[in-house]
Amino acid sequence: MIIDIQTELRNFTYITNLYKCIANYNLMGHQIGRKIGDMLEILTMGAIYKIPDLKNHLDTEGKLEGYTSAKHKVGFGFFENIETKDKLFGAIECKCVGVEETKLGKKNTIKLKIDESFSLPLWGQWMNMVISITCTLKSISANTASFEIKNTFNNNTQLLTLSSNDNIKLIVDEDGNFLNTTPHGDMLTEIPGIIRICKTIKIQKIESGSCTVALFNCLTGPQTIEKAKQASLVAMDLRKKIDGQWGKEDIDNANKKMTFIHIICEFSHWENKSINVIKTCIDHNLIVPDQVLIDAFKKFENTFGTGNMLNFISKKMFENNLQVRNAIYTILDKYENHIFYDIEQNSYVSFISDGHMLGIKLI
């Protein structure tokens, strides 16, 4: 099975299906968000392990010294002499910038009594009209609160019952349709299309005669430009020390001694200015499709259980746990090793090495 990456590419930023997948786990953002980056790393590590000439020269989480004398923590470094860490010939860095949930305005917390309501507008410059959502607290019973959700998109009304810490998401997809999730629903099923606008209503407290809700806005990768600059600086600093030039175009490929590969996921969060930075400064920028990561999370959930799976998503667990390695290899095999898509070559690629160089080849 090979993913047609074009199904995930748009000319605008959007919230990925991967976000829908991890939202289903209802975990704290920093917990699950960090694990997206870890999953990206162990998928990359699985691909490295399949190439003996890379695996035998691999150093993980080493600090690589650049021309400026700064020591950069990079996920994967490759040395001709791994024992002495001599003659660095390649580095691979994984970067992940997920969805950020921020408070919606200064008054993002609202206390409602029965029959009181609040309204939220959903609008983007690409939309023909503003969609207004009115949420009314209808009743409170046995530590649950019932809300009437009415929208102006199709004048539909829903009655949803929520408990403390439950949330629902108000969504506009790429076709301008309004949708909303239900408490404990499957977001991947409930929201089949591409999300362009997403706001969250979370129940904070339910009391005898009132309910307090908090409102959040879901933003696509606000830190992409910072991640782009970080990765680019590392690539340039290492290149200057080893190959004597800052720019990737300043060295003929035949004479290049060090190659820097940058791997990212949730590519739909990356705006044009960030993409331009990494294209200018980094040798190869590869993206992993959302569906590959979704399947990896589902595989770990099925193998280790929802409550335990996060403990197994790490490079150390990949190194030491056969079940973890086999889970990753299952995903790589499912997609026929078509995991990395080069944004400049417009093709899936794989790593190549002879123990003295790192490169990519078109698949």
Side-chain angles (χ1 to χ4, degrees), residues 14-15 19-33 98-173 175-193 195-220 222 306:
Y14 69 86
I15 295 174
Y19 172 75
K20 300 177 194 176
C21 172
I22 65 168
N24 289 339
Y25 297 125
N26 200 29
L27 296 168
M28 293 292 290
H30 68 276
Q31 287 178 307
I32 193 69
V99 170
E100 182 175 309
E101 290 195 346
T102 61
K103 293 179 180 179
L104 188 59
K106 295 181 179 179
K107 296 182 178 180
N108 76 302
T109 302
I110 301 173
K111 187 172 184 178
L112 298 172
K113 295 180 180 179
I114 292 174
D115 290 330
E116 289 185 338
S117 63
F118 65 91
S119 295
L120 285 175
L122 303 179
W123 183 77
Q125 293 183 342
W126 50 276
M127 293 171 61
N128 295 324
M129 64 177 182
V130 177
I131 299 174
S132 181
I133 312 299
T134 302
C135 303
T136 305
L137 177 63
K138 301 301 289 185
S139 65
I140 294 174
S141 175
N143 297 318
T144 63
S146 293
F147 280 84
E148 180 185 84
I149 312 294
K150 185 173 183 179
N151 72 82
T152 59
F153 174 71
N154 54 16
N155 293 317
N156 187 41
T157 300
Q158 279 184 284
L159 191 65
L160 299 176
T161 300
L162 298 92
S163 303
S164 290
N165 295 318
D166 280 352
N167 72 77
I168 61 171
K169 299 185 186 299
L170 311 176
I171 287 158
V172 179
D173 70 14
D175 297 318
N177 300 310
F178 169 76
L179 305 98
N180 65 269
T181 63
T182 59
H184 312 292
D186 183 346
M187 198 173 177
L188 281 166
T189 302
E190 292 181 337
I191 314 296
I195 299 175
R196 292 202 68 173
I197 298 173
C198 180
K199 300 185 188 299
T200 300
I201 300 174
K202 183 176 182 179
I203 306 302
Q204 279 198 329
K205 184 188 295 185
I206 299 174
E207 300 173 293
S208 59
S210 66
C211 179
T212 303
V213 302
L215 308 177
F216 299 91
N217 197 19
C218 299
L219 304 176
T220 56
T306 306

Q: Starting at CD1 of Ile22, measure out to CG of Leu188 and round the result to the nearest 0.5 Å.
A: 10.5 Å

Q: Kindly indicate whether the side chain of Leu179, heavy atoms from C-beta on, has any atom under 4.5 Å from the side chain of Asp173.
A: yes

**Q.** Min side-chain heavy-atom separation Asn165-Lys202 under 4.5 Å
**A.** yes

Could you list the donor-acceptor pairs under 3.5 angstrom formed by side chains in residues 204-215, with sequence neighbours left out?
{"unit_1": "Glu207", "atom_1": "OE1", "unit_2": "Ser210", "atom_2": "OG", "d": "3.1"}

**Q.** Check: Lys20 and Ile195 side chains under 4.5 Å, non-hydrogen atoms
**A.** yes

Q) Side chains of Asp166 and Ser164: does their closest heavy-atom pair fall under 4.5 Å? A) no

**Q.** Atom pair OG1 (Thr136) and CZ (Phe147), whose distance is rounded to the nearest 0.5 Å
**A.** 9.0 Å

Q. Hey, are the side chains of Ile201 and Leu170 touching, using non-hydrogen atoms and a 4.5 Å cut-off?
A. yes

Q) Stepwise, does the side chain to side chain contact (heavy atoms under 4.5 Å, CB included) test hold for Ser163 with Ile203? A) CA-CA 7 Å; Ser163 303; Ile203 306 302; over 6 Å; no

(Q) I need the Asn177 CG to Asn151 CG distance, nearest 0.5 Å. (A) 10.5 Å

Q.
Rounded at 0.5 Å granularity, tell me how far CG in Asn155 sits from OG1 in Thr157.
A. 7.5 Å

**Q.** Side chains of Ser146 and Thr161, donor plus acceptor under 3.5 Å
**A.** yes

Q: Mind checking the CG-OG1 spacing from Asp186 to Thr181? Nearest 0.5 Å is all I need.
A: 10.5 Å

(Q) Pair Thr144, Leu162 - check side chain to side chain contact (heavy atoms under 4.5 Å, CB included), show working. (A) CA-CA 6 Å; Thr144 63; Leu162 298 92; over 6 Å; no

Q. In this structure, are over 12 heavy atoms from other groups packed under 6.0 Å from Asp175 atom CG?
A. yes

Q) Under 4.0 Å between a Lys/Arg side-chain N and an Asp/Glu carboxylate O for Lys169 and Glu101? A) yes

Q | Any residue meeting side-chain contact (heavy atoms from CB on, under 4.5 Å) with Asn217, in chain and number order, not counting sequence neighbours | A | Thr102, Leu104, Lys199, Leu219

Q. Going from CG on Asp115 to CD on Glu148, what distance comes out if it is rounded to the nearest 0.5 angstrom?
A. 9.5 Å

(Q) So does Met187 get a backbone contact from the side chain of Asn24, meaning a donor-acceptor N/O pair under 3.5 Å? (A) yes

Review item, side-chain donor-acceptor pairs of residues 116-131, under 3.5 Å, at least two apart:
{"unit_1": "Glu116", "atom_1": "OE1", "unit_2": "Lys113", "atom_2": "N", "d": "2.8"}
{"unit_1": "Ser119", "atom_1": "OG", "unit_2": "Thr134", "atom_2": "OG1", "d": "3.3"}

